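Please read the structure below before turning to the comments.
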Amino acid sequence: MICRFAPSPNGFLHLGHAYSALMNARFSRDHDGLLLLRIENIDRERSKPRFEQALREDLAWLGLDWPRPERRQSDFFGAYRTILDGLVGRGLAYPCFCTRGAIAAGIADKPDWPRDPDGSPLYSGSCRELSPRRRAERLAAGEKFTLRLDMARALAEVAAPLSYREFFEGETAQAMTARPDLWGDVVIGRRDVPASYHLACVHDDFAQGITDVLRGLDLEPATGLHVLLQKLFGYPTPDYRHHRLVLDAEGKKLAKSKSSIPLRELRASGVTARRVKDELSERMDVRW
């Protein structure tokens, strides 16, 4: 059994990260497995070396250990590009020249326009309908583009109901129906890097031999899309466990963008790792 904790070094870790890391460590220990650390730093603008070093220090302070060196996504851009080129060659991905602003403006007068699980408006598919000649002209002109998955073609290629195993409390497994269609023609290659989170995550889980994915409930909707990508790439599907989130006083999940108190700040103020673990045990009703 191999699981992973995969933070992004775009800010300092907080209690929510600590909980997820500790849950992975406990699961790995209880099943005589291996816990890997993966650095998900495909966002080259927001990912910083100081955050990367800080997260290692925070995890070590919590008492976690992992094999070195860690897998860093920025070291594998070539692999992601090869995978994307394969999807384009199979007719399963296409360049999209639309900006987020243009997409938003196109549905400004359509309040009931469907949205994906992240809340973004589903793409209308206008670039999917471009003629090969017009697409080639725009590419030759150097227009910036993302790569989108042609969801209808992708679903037709797997040609089978998609499902995965989700383990709930008490280690009870249930077959879950995967719903990648909820994402529409999702972006799988970004303008600034040759991958999206979804593509990089799926490939990295395969490359690292991940058998069990334990992550927060906020990522549960992505599982259906990940299962589809696994089928398209010929990868095995791990077992999934989605844990509850650590919430703030307003009942909202902790986030770096909301300046949730970092672990390093707690540590500097004299809070011990044991106290952090005890607080999480009480709040989340778990034992380490």
Side-chain angles (χ1 to χ4, degrees), residues 2-29 33-75 118 193 197-198 200-201 204-205 208 210 212-220 222 240-288:
I2 304 176
C3 55
R4 45 73 167 176
F5 177 61
S8 297
N10 55 14
F12 296 118
L13 300 188
H14 51 60
L15 283 176
H17 297 110
Y19 179 67
S20 190
L22 290 167
M23 288 290 284
N24 272 280
R26 186 185 72 166
F27 177 79
S28 176
R29 181 190 67 237
L34 178 65
L35 172 62
L36 303 179
L37 174 64
R38 181 164 77 223
I39 309 298
E40 297 199 335
N41 62 339
I42 59 172
D43 188 332
R44 290 185 286 190
E45 277 194 21
R46 299 174 61 203
S47 295
K48 306 295 181 184
R50 66 190 181 100
F51 294 140
E52 192 171 318
Q53 181 57 32
L55 71 84
R56 292 190 182 96
E57 294 171 356
D58 289 338
L59 295 175
W61 175 66
L62 288 171
L64 275 63
D65 195 13
W66 57 91
R68 274 77 164 180
E70 308 91 352
R71 183 179 178 92
R72 301 174 70 253
Q73 289 183 330
S74 59
D75 295 333
D118 281 344
V193 293
Y197 158 74
H198 301 294
C201 175
D204 290 345
D205 282 346
Q208 293 187 285
I210 303 301
D212 295 79
V213 174
L214 178 61
R215 59 190 182 186
L217 274 170
D218 54 330
L219 288 170
E220 184 178 25
Y240 287 90
R241 293 164 171 83
H242 291 91
H243 61 70
R244 292 177 297 141
L245 303 177
V246 180
L247 306 178
D248 62 19
E250 298 177 353
K252 298 179 180 179
K253 78 169 185 174
L254 303 181
K256 298 169 187 171
S257 60
K258 296 194 302 181
S259 299
S260 298
I261 300 176
L263 294 179
R264 66 189 293 104
E265 186 175 320
L266 295 174
R267 184 167 77 247
S269 68
V271 174
T272 65
R274 181 69 264 169
R275 181 176 167 186
V276 167
K277 293 177 182 179
D278 289 344
E279 179 180 341
L280 288 172
S281 292
E282 183 176 347
R283 290 174 64 174
M284 307 302 286
D285 192 27
V286 297
R287 294 293 180 268
W288 310 119

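It should be emphasised that the depicted structure is a prediction, and the values quoted were computed from it without experimental measurement. Position 1 is the first residue of the sequence; numbering continues from there.
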Return yes if some donor-acceptor pair links the side-chain N/O of S8 with the main-chain N/O of N41 below 3.5 Å, else return no.
no
Go through the steps for R283 and L15 under the test side chain to side chain contact (heavy atoms under 4.5 Å, CB included), then give the verdict.
CA-CA 11 Å; R283 290 174 64 174; L15 283 176; 3.7 Å; yes
Considering only distance and modelled atom types, tabulate donor-acceptor pairs under 3.5 Å from the side chains of residues 19-27, sequence neighbours left out.
unit_1	atom_1	unit_2	atom_2	d
S20	OG	H243	NE2	3.0
N24	ND2	S20	O	3.0
N24	ND2	L214	O	3.1
R26	NH1	R287	O	3.1

How far does CG of L59 sit from NE2 of H17, to the nearest 0.5 angstrom?
10.0 Å
Looking at R68 and W66, would you say the former's side chain and the latter's main chain have a donor-acceptor pair under 3.5 Å?
yes
Please assess W61 against L13 for the test side chain to side chain contact (heavy atoms under 4.5 Å, CB included), listing each intermediate value before the final yes or no.
CA-CA 12 Å; W61 175 66; L13 300 188; over 6 Å; no
Could you report the tightest heavy-atom contact between A273 and L62, atom names first, then the distance?
CB-CA, 4.2 Å
Pick one: which of R264, H14, R267 meets side chain to side chain donor-acceptor pair (under 3.5 Å) with D58?
R267
Got a second to check how far L64's CG is from F5's CZ, nearest 0.5 Å?
8.5 Å
Look up atom CD in E220 and atom OH in Y240, then write down how far apart they are to the nearest 0.5 Å.
11.5 Å
How close do P67 and L35 get, counting heavy atoms only, and between which atoms?
CD-O, 3.3 Å
Once you round to the nearest 0.5 Å, how far does OH of Y197 lie from CD1 of I42?
9.5 Å
For E40 and S47, the nearest pair of non-hydrogen atoms, with its separation, is O-OG, 4.5 Å
Rounded to the nearest 0.5 Å, the CG atom of L34 sits from the CG atom of D212 at a distance of 11.5 Å
With a 4.0 Å cut-off on N to O distance, would you call E279 and R275 a salt bridge?
no
Walk me through whether L37 and L55 qualify under side chain to side chain contact (heavy atoms under 4.5 Å, CB included).
CA-CA 10 Å; L37 174 64; L55 71 84; 4.1 Å; yes
Value for CG (L36) from CD (Q208), rounded to nearest 0.5 Å, stands at 5.0 Å
Residue pair L219 / V213, side-chain heavy-atom distance below 4.5 Å
no
Dump the intermediate steps for side chain to side chain contact (heavy atoms under 4.5 Å, CB included) on D43 and V193, then the final yes or no.
CA-CA 8 Å; D43 188 332; V193 293; over 6 Å; no
Quick check against the 3.5 Å criterion: does D205 have a side-chain atom that pairs as donor or acceptor with the backbone of I210?
no
If every non-hydrogen atom of R215 is compared with every non-hydrogen atom of C201, which pair is closest and at what distance?
NH1-SG, 4.2 Å
Considering only heavy atoms from C-beta outward, does the side chain of R71 approach that of D204 to under 4.5 Å?
yes
Salt bridge (Lys or Arg N to Asp or Glu O under 4.0 Å) test vs E70 passes for just one of R4, R56, R38, namely R56
